[in-house]
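Comments concern the structure below.
In what follows, every chain begins at residue 1, and chains take the letters A, B, ... in the order their sequences are listed.
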Amino acid sequence: MPRPTPHGRKAAKAPGFKPAKKAGPKNRWSNEQRAAQGHKPRKAWEPREERQDRGYRSDDRRDQRSDDRRDFRADDRRGFRADDRRDAPRTDSPRTSDSRGRNFESARPSDERRGYSSERREGGFGGRAPRKFERDDRGHRGDRRDERNERPRFERDDKPRFQRDDRPRRDDRPRFERDDRRDDRPRFDREERGARPGYASRPVRQEPPTRWEPRAERKPWDRPERPRREERGDRPRFERDDKPRFERDDKPRFQRDDKPRFDRDERRGRDERRPAWGRDEKPRFNPERREDRPFSEDPDQMSWTATDLGEIDETGVEEGQGFAALGVPKIIVAALDKQGITAPFPIQAATIPDAIAGRDVLGRGQTGSGKTLGFGLPMLTRISQADPTGGAPRGLVLVPTRELALQCADVLAPLAKTLRLDLTLIAGGMGYGPQLRAFERGVDIVVATPGRLIDLLEQGAVDLSQVMVTVLDEADHMADLGFMPAVTTLLDSVPADGQRLLFSATLDHAVDRIVKKYLHDPVTHQVDTDRASVSTMEHQLLQVLPHDKNAITAEIANRKGRSVLFVRTQMGANRVAEQLRGAGVMAGALHGGLTQGARTRILAAFKEGTVPVLVATDVAARGIHVDDVSLVLEVDPPMSSKDYLHRAGRTARAGEKGVVASIVLPHQRKTMARIAGQAGVKVDPLPVRPGDEKLHETTGARVCESAPIEEAEYERLIAPRRGGGKGGPRQGGYKGGRGGGYRGQGGGGYRGQGGGGRRFGNDRGDRGGNQGWRRER
DNA sequence: AAAAAAC
């Protein structure tokens, strides 16, 4: 890089530098010459007194300017009048203009004041350079300061303005208070353009105002006549390509099928529900649509039927033993016997007698300890002994999720049937038809999720005034913020003096409000502690690094046997399930954002074992029973120790073994330690990496080596299957596979609808073994 | 703070 040439004052000091010849006047262009070269005119100096006089206080300036505009003598002094400034440039000066086409005559007054006036120009520059100590016409002296032996400028009184105290003061008043305010009217409304103070007034081009003319003035006969379509020979519009946009194929993107991903159904999966505001069409009851037909046999609609236990022989039942000793009618005992249920569980033994006696009961029993029968048997017993009401329900069971409602109904319906009581399932996501018809026909017991029951209540389809027993399953959950309004609505619409039974594995003070308002002298039975004291359950906290989480999740999910993975959000469930399939593990997501049909199918596939890994939100955390779930993996930590216990309770049910493993990321350690401590889990976190032997030992994890699972393959497994129809494979297999003793009364009551609908639970004994959903006793 | 519960 070349050394920069020294210049200026530095240059003088640079060694060996000879100052250029400094003789004679500096060769400056005249302003005309400058203008011809496209330069601005050189600034002229004006004495300070004058500048100060002009004043910088705004009002002064305004006055000065308006004076400028009005004072013709002043204009004359400058050599022109405002009026001719634009249109009649002075002819006595050469017609030169700068690069922007401006010439001095068109310069604005402000320019004039800057010293570009013709007078200055005439008398100004040129001539010889001033001698030392002699001022030139700009007041400059032709020497250097050091030669003049002066102090530097900032020390002198004539230091630059920004350093002096006599700087003009800003007018800080808001514009509308200032005198130099602008004309606020819109441009078109001002008399003249640029009528701001200090600017030359310029005539504004006046457009003649556009007149509104009445439409009638355009007479139809003024228009050229359009040939008729036949003459034009073109096809009607809907056949042509210029048909309106919404009918064409190039319609805007959001109307097309390849609209952006976030709006497409595929993104969330075929069965995903979109919120109503995002859907193209709101779902409506449409009798033409298969799933809306009242007698739908679509498995998606989960037309639900009770299992028939067949003939019940109560002769062999011994008094004073087992359930009979608790006051349960003999015929029920026999029915239970037939299902292999003989000895009551502790929670049942504790609560049944009190509940049959009609007392309000708070029951707490560990997960999988048989709470359903704990409240179900006394409810059935009391209702069967009461007087009939002529069709209005006398028993009400409220549960927090549809799956749980289904499971609960599956457990209780066969027993109700043996007592000739009608039990119906009321839950969202299923057709209205069967539910409405059930109430028309008469119902004794309702197992329901709150939303749909309130819906039917508002429709006037349900009369809850005859309910004598009300049950809240998972009562602590039903008492939480989101459920509370619905629950109180329903509790308000049943008789105040009825019996209330509240059950949960984690019954605590959350239910206090309900207890205080709706229960009378309740008796509390807590058979177990609310700690994770299930002896067959093994707990593990897996300390995992964030970048290992997916791999470890996949390795654990790749184990042998059925596993339930819990995640925090619906999208998380989708994502994890997708990732697992990508890693070659057949997994399906279950959450409340799916259609009921999809929820049902993925659960059924899980039950069958075709999809051995279920990735679920907390929708599956409570109450749901699947046999042989040997591992629960908490991919995301639970929100509370209660959630932990309920999630963990999906395994190690009814005496089986099970492992509960929780992935703990570094930032989750404290929270998880607290939650585990509250849940009574006393284990040290185990740091693990993918592929660790320890991981295999504790959870049975295996490194994933299979090829990714194609979506189509997964889809096939959870595809809707026609349960009904003529000789559908499932229906045929279902009936034929039944044990001889269970054959027979194929469908009573509202099961006339076909009976082939897919259901949860214990109707699938045809498969043999103890796979699948089992009733929670 | 998410999920669940009705269309």
Flag the pair [X] and [Y] as a salt bridge only when some basic side-chain nitrogen lies within less than 4.0 angstrom of an acidic carboxylate oxygen.
X	Y	result
A:R500	A:D360	no
A:R622	A:D476	yes
A:R647	A:D618	yes
A:D636	A:K549	yes

Open item on the list: Under 4.0 Å from OP1 or OP2 of B:dA5: is there any side-chain N or O of A:R622 that close?
Closed with: no

[X], nearest nucleotide to its side chain (from [options]):
X	options	result
A:T401	B:dA3, B:dA2, B:dA5	B:dA5
A:E403	B:dA3, B:dA5, B:dA6	B:dA5
A:M639	B:dA4, B:dA1, B:dA2	B:dA1

Open item on the list: For Watson-Crick and G-U wobble pairs within 3.5 Å on both distances, what is DNA chain B written in dot-bracket notation, | included for inter-strand pairing?
Closed with: .......

Open item on the list: Quick check on A:H509: does its NE2 atom have over 12 non-hydrogen neighbours (other residues, nucleotides or ligands) under 6.0 Å away?
Closed with: no

Can you tell me how far [atom2] of [N] sits from [atom1] of [X], to the nearest Å?
X	N	atom1	atom2	answer
A:L594	B:dA5	CG	C1'	15 Å
A:L490	B:dA6	CG	C1'	12 Å
A:F566	B:dA4	CZ	P	11 Å
A:Q435	B:dA6	CD	C1'	11 Å
A:M484	B:dA4	CE	P	21 Å
A:M571	B:dA3	CE	C1'	15 Å
A:I426	B:dC7	CD1	P	12 Å
A:L436	B:dC7	CG	P	12 Å

TODO: Measure the spacing between NZ of A:K607 and OG1 of A:T600 and express it to the nearest 0.5 Å.
DONE: 10.0 Å

Task: Straight-line distance of A:E555 CD to A:L633 CG, nearest 0.5 Å - done: 12.0 Å

- [ ] Please lay out, stage by stage, how A:H646 and A:T506 fare under the test side chain to side chain donor-acceptor pair (under 3.5 Å).
- [x] CA-CA 8 Å; A:H646 283 285; A:T506 53; 2.8 Å; yes

Open item on the list: Within residues 446-460 of chain A, which residues have any heavy atom lying less than 4.0 Å from an atom of DNA chain B?
Closed with: A:T449, A:G451, A:R452, A:D455, A:E458

Task: Centroid-centroid under 6.0 Å between A:F503 and A:H525 rings - done: no

